[in-house]
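A quick write-up on the structure given underneath.
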Amino acid sequence: MADLIEILNTITELLYQEKKNDAYGLLARCLPILSAILGEMTDIELQTELMNALKEAMEAMEADDVTLLADILQYEVIEKLAEMEEE
């Protein structure tokens, strides 16, 4: 989990630097891991919150808003994964 959070932090840094292609490449490699984590979650409330954050991230990608995407990853997805790691 710590490795995934570290990679997501790298992605957010790349997005804030507007290095979209690099960030999207890393993100594409993380999606299967995120999907597996969602499938294994037992905390339904946290799972729902994480899924909603990922939906918001998709909407930001569709709108080509890299700053919003970085914010969602940083302040919602990473925080929820860190919460999960603490449990």
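For the numbers below, each heavy atom of this structure counts, side chains included, while hydrogens, waters and symmetry mates do not. Start at 1 with the first residue, then count along the sequence.
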Supply the atom-to-atom distance Ile78 CD1 to Leu73 CG, rounded to the nearest 0.5 angstrom.
6.5 Å
Would a 4.5 Å heavy-atom cut-off, applied to side chains only, mark Lys20 and Asp64 as touching?
yes
For atom CD of Gln17, decide whether the heavy atoms of other residues, nucleotides or ligands shown that lie under 6.0 angstrom number more than 12.
yes
From Met61 atom CE to Leu54 atom CG, the distance as rounded to the nearest 0.5 Å
11.0 Å
Identify the two heavy atoms, one from Ala53 and one from Val77, that lie closest to each other, and give their separation to 0.1 Å.
CB-CG2, 3.9 Å
Sole candidate of Ile33, Leu46, Leu50 that passes side-chain contact (heavy atoms from CB on, under 4.5 Å) when paired with Leu38
Leu50
Count the heavy atoms of every other residue, nucleotide or ligand shown that sit under 6.0 Å from CE of Met58, and state whether that count exceeds 12.
no
Side chains of Leu26 and Leu8: closer than 4.5 Å at any heavy-atom pair?
no
Evaluate Leu27 against Ile7 for side-chain contact (heavy atoms from CB on, under 4.5 Å), listing each step before the verdict.
CA-CA 8 Å; Leu27 187 57; Ile7 293 169; over 6 Å; no
Considering only heavy atoms from C-beta outward, does the side chain of Val66 approach that of Lys19 to under 4.5 Å?
no
Would a 4.5 Å heavy-atom cut-off, applied to side chains only, mark Leu69 and Asp65 as touching?
no
Taking side-chain contact (heavy atoms from CB on, under 4.5 Å) as the criterion, tell me which of Thr10, Asp3, Leu4 meets it with Cys30.
Leu4
Indicate the atoms forming the closest heavy-atom contact of Glu76 with Glu56, along with that distance.
OE2-OE1, 3.2 Å
Does the side chain of Ile72 come within less than 4.5 Å of Glu59's, by heavy atoms?
no
Using atom types as modelled and distance alone, determine if a side-chain donor or acceptor of Ser35 lies under 3.5 Å from a backbone N or O of Leu31.
no
Heavy atoms of Glu85 and Ala2 approach each other most closely as OE2-N, 3.3 Å
Within the 4.5 Å heavy-atom criterion, are Asn52 and Glu49 side-chain neighbours or not?
no
CG-CD distance between Leu15 and Gln74, expressed to the nearest 0.5 angstrom:
10.5 Å
Could you state the interatomic distance from CD (Glu45) to NZ (Lys80), rounded to the nearest 0.5 Å?
9.5 Å
Please name the pair of heavy atoms, one in Ala70 and one in Thr12, separated by the smallest distance, quoted to 0.1 Å.
O-CG2, 3.6 Å
Answer yes if Tyr75 and Met51 sit in the same cluster of Ile, Leu, Val, Met, Phe, Trp and Tyr residues linked by side chain heavy atoms under 4.5 Å apart, and no otherwise.
no
In terms of hydrophobic clustering (I, L, V, M, F, W, Y; side-chain heavy atoms under 4.5 Å; direct or indirect links), are Ile11 and Tyr16 co-clustered?
no
